[in-house]
Amino acid sequence: MAISNAFKFANNILTNGGYDAADLVGAAGGPTAGQVIQVVTDTDSTERATTSTTFVDVTGVSVSITPSSASNKIFVIATGGGGLDGSALAYYTIVRDSTNLGNSTKGMMVIRGNSGSVYAGATMSVLDSPNTTSSITYKVQFRSTSGSVNAFWNYDEGKSSITVMEIKG
């Protein structure tokens, strides 16, 4: 059986078909900018409702992640079914710890109700720059514009999810 001579030293540098040791080390050096480093997800199948006129947590829809570098970004996507059971507006948003990542009063998404019930798919996403290596929690919050009209998340017990991805900066 012949022994391959593909790797050899030339001027004290290990070479392989035109690639030198620096190329080999660079290829094994870890993630580069824009690559996904870690992914964390959570799902929930319980219908949630609120008549609160201020943003409140959607119980059961949150994830925690600890970024490996303060220069990395976190991409967050939340999906579920939203809705209202009357004439009002339902606002939805993504929150990092206690910071609303959308508009402070209108969040990231709205569903407009009429005299009957209105339900729709709800998807929100954001690319966040938390600038930390401490554990952070992302969650969904929602509110109604009427203290007597329910805003819903996960209407009729469909499945919702929140997923966070750490992206190399």
Side-chain angles (χ1 to χ4, degrees), residues 30-169:
T32 59
Q35 290 184 319
V36 175
I37 297 171
Q38 63 175 316
V39 177
V40 183
T41 192
D42 188 28
T43 60
D44 183 56
S45 297
T46 303
E47 180 178 290
R48 313 293 180 175
T50 189
T51 57
S52 175
T53 58
T54 59
F55 281 111
V56 294
D57 292 352
V58 175
T59 307
V61 185
S62 68
V63 292
S64 295
I65 189 169
T66 303
S68 58
S69 170
S71 64
N72 292 347
K73 298 186 182 314
I74 306 293
F75 180 70
V76 186
I77 185 165
T79 62
L84 288 153
D85 65 2
S87 294
L89 300 172
Y91 291 111
Y92 304 85
T93 196
I94 296 171
V95 174
R96 176 194 351 104
D97 293 329
S98 61
T99 302
N100 184 337
L101 299 178
N103 178 281
S104 62
T105 58
K106 297 181 180 181
M108 295 182 166
M109 186 195 133
V110 63
I111 294 177
R112 179 180 301 275
N114 56 28
S115 59
S117 297
V118 175
Y119 306 102
T123 301
M124 301 172 287
S125 64
V126 64
L127 183 61
D128 188 32
S129 299
N131 195 29
T132 186
T133 56
S134 298
S135 178
I136 46 181
T137 300
Y138 290 92
K139 56 192 171 186
V140 173
Q141 289 188 341
F142 66 149
R143 73 180 190 91
S144 173
T145 57
S146 169
S148 61
V149 174
N150 274 318
F152 292 96
W153 179 263
N154 229 19
Y155 177 72
D156 200 23
E157 299 181 356
K159 191 173 189 179
S160 67
S161 68
I162 184 167
T163 302
V164 296
M165 293 174 251
E166 182 181 5
I167 310 295
K168 175 77 174 156

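Residues meeting the salt bridge (charged side-chain N to carboxylate O under 4.0 Å, His left out) test with Asp42, sequence neighbours left out: none. For Gln38, the side-chain hydrogen bond (donor to acceptor under 3.5 Å, both in side chains) partners at least two apart in sequence or on another chain are Glu166. Partners of Ser135 by side-chain contact (heavy atoms from CB on, under 4.5 Å), not counting sequence neighbours, listed by chain and number: Ser64, Thr66. Scored by the side-chain contact (heavy atoms from CB on, under 4.5 Å) test, Ser69 finds Ser71, Asn72 as partners (sequence neighbours excluded). Legend: residues meeting side-chain contact (heavy atoms from CB on, under 4.5 Å) with Ser129, ordered by chain and number and at least two apart, are Lys73. Partners of Val95 under the side-chain contact (heavy atoms from CB on, under 4.5 Å) rule, at least two apart in sequence or in another chain, are Thr93, Lys139, Gln141. Asp85 is linked by a salt bridge (charged side-chain N to carboxylate O under 4.0 Å, His left out) to nothing, counting only residues two or more places apart in sequence or in another chain. Under the rule for a side-chain hydrogen bond (donor to acceptor under 3.5 Å, both in side chains), the partners of Thr105 that lie at least two apart in sequence or sit in another chain are Asn103. Under the rule for a side-chain hydrogen bond (donor to acceptor under 3.5 Å, both in side chains), the partners of Thr79 that lie at least two apart in sequence or sit in another chain are Ser161. Residues satisfying the side-chain hydrogen bond (donor to acceptor under 3.5 Å, both in side chains) test with Thr163, not counting sequence neighbours, are Thr41.
In this structure the side chain of Ile74 reaches within 4.5 angstrom of the side chain of Ile65, judged on heavy atoms. Counting heavy atoms from C-beta on, the side chains of Ser144 and Phe152 never come closer than 4.5 Å. Contact of the Ser62 side chain with the Tyr138 side chain is not registered, since no non-hydrogen atoms from C-beta on lie closer than 4.5 Å. Side-chain atoms of Tyr91 and Phe142, non-hydrogen and from C-beta on, never get closer than 4.5 Å to each other.
When all heavy atoms of Asp44 and Asn154 are compared, the closest pair comes out as O-ND2, 3.0 Å.
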Indicate every side-chain donor-acceptor pair of residues 109-127 with a distance under 3.5 Å to a residue at least two apart or in another chain.
unit_1 : atom_1 : unit_2 : atom_2 : d
Asn114 : OD1    : Gly116 : N      : 2.8
Ser117 : OG     : Tyr119 : OH     : 3.4

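Sequence neighbours left out, the pairs with a member in residues 116-131 that pass salt bridge (Lys or Arg N to Asp or Glu O under 4.0 Å) are Arg96-Asp128.
Of the N and O atoms on the side chains of Ser52 and Thr50, not one donor lies less than 3.5 Å from an acceptor on the other residue.
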